[in-house]
Amino acid sequence: MEKITTQRLAALKRQQIPIVALTAYDYPTAALVDAAGVDVVLVGDSLANVILGYENTLPVTVEEMLAALRAVRRGVRWALLVADLPFGCCHPGPSSRTVETSIAFLKAGAEAVKLEGGRSRCGLVQSLADAAVPVLGHIGLTPQSVHAMGGYRVQGKTAKDAEALLEDALALEEAGAFALVLEGIPREVATRITGRLAIPTIGIGAGENCDGQILVLADLLGLTVPPPPEGPSAIEGRKPRFVREYLNLRRLILEAVERYAADVRAGSFPSAAETYRLSEAEAAPATAKSQA
Ligand code: KIV
């Protein structure tokens, strides 16, 4: 195994070896994802909706991100560990909050930060590069801009919008980003951007020609709670087109918990083999005492 660094990701692009990235938010799954040989583990701000049950990514706080990051850090040994800067700490203007939060993330064990947005974020990317914080950019369908976009909509669908995305990508590269996430854009646009950049692109809903792919772990495992009206107990939820579910963990967990509940109610759990007992020597006087 080789420790993955930002330099190693650049080499993977040059060698045309696809980069594998996934999110993680806790110690056990981070350890599994790392052991499976994933190149990049992202503590995504999708923590907000996927794990904490918020409606979107906007409410998640720096403190919530830090708690998840520290747990994931304890599980990750080989992959490059990236932490997402949450909504509100990387908007155009003075960069101090962004730099402070990023430094807190690196002190907690992240090796890079991710931030959403195009050209307007280049000043921040430069400030972070000056502070020795590697930055993963994120353009296209940027979930933190859900209200500005009027919903989760595929971006870059017109020639003008596609051109603007290419300009964003080139500007972020110039500002010092070591790689870019391309989310929710047509494959032709992602292909063009990937071909024009020296830094790697990591796609999610951006087609097969990016230098790598990322998915939200809970989507891949079939653990994402479907939005209403299906609600939390739904087993078969609607999933975005770009998600491939390798497992239906919702179904497996529901079945396991239903079996456990049935066993407890039927008195068949715990069994004798699952129960601690006093030794015969200790049990006899205890029984005798209780009879006296
Ligand atoms: O927060 C997240 O999970 C992400 C990935 C989907 C790229 O930003």
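Both counts, for ligands and for their atoms, begin at 1 and track the order of listing. What's counted below: heavy atoms across the whole structure, side chains too, no hydrogens, waters or symmetry copies.
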Presence of salt bridge, Arg8 and Glu2, under 4.0 angstrom
yes

State whether a side-chain donor-acceptor pair under 3.5 Å links Thr191 with Glu188.
no

Non-neighbouring partners of Thr275 that pass side chain to side chain contact (heavy atoms under 4.5 Å, CB included), sequence neighbours left out
Pro270

Decide whether an N or O pair under 3.5 Å exists between Asp84 and ligand 1.
yes

May I ask you to decide whether Arg277 forms a salt bridge with Glu282, counting only side-chain N to carboxylate O separations under 4.0 Å?
no

Residue Gly44 vicinity, atoms of ligand 1 by number, heavy atom under 4.0 Å:
1 (O), 2 (C), 3 (O)

salt_bridge(Arg196, Glu167) N-O dist < 4.0 Å:
no

Distance-only, no hydrogens or angles: does the Asp45 side chain make a donor-acceptor pair with backbone N or O of Asp84 under 3.5 Å?
no

Checking heavy atoms under 4.0 Å, the part of Ile204 that sits near ligand 1 is side chain

So does Ala164 get a backbone contact from the side chain of Arg119, meaning a donor-acceptor N/O pair under 3.5 Å?
yes

Relative to atom 2 (C) of ligand 1, which among Pro143, Ser46, Ala21, Gly205 owns the nearest non-hydrogen atom?
Ser46

Starting from atom 5 (C) of ligand 1, which protein heavy atom do you reach first, and at what distance in Å?
Leu42 CD2, 3.8 Å

Can you name the atoms of ligand 1, numbered from 1 with element, that are less than 4.0 Å from a heavy atom of Thr23?
3 (O)

What is the nearest protein non-hydrogen atom to atom 8 (O) of ligand 1, stated with its residue, atom name and distance?
Lys114 NZ, 2.9 Å

Does the N or O separation between Glu116 and ligand 1 drop below 3.5 Å for any pair?
no

List every atom of ligand 1 that sits less than 4.0 Å from any heavy atom of Val216, numbering the atoms from 1 in the order shown and giving each element.
3 (O), 6 (C)

Please confirm whether Ile202 comes under 4.0 Å of ligand 1, counting heavy atoms of the residue only.
no

How long is the gap from OG1 on Thr29 to CG on Asp34, to the nearest 0.5 Å?
11.0 Å

For Asp45 and ligand 1, does the shortest N/O to N/O distance drop below 3.5 Å?
yes

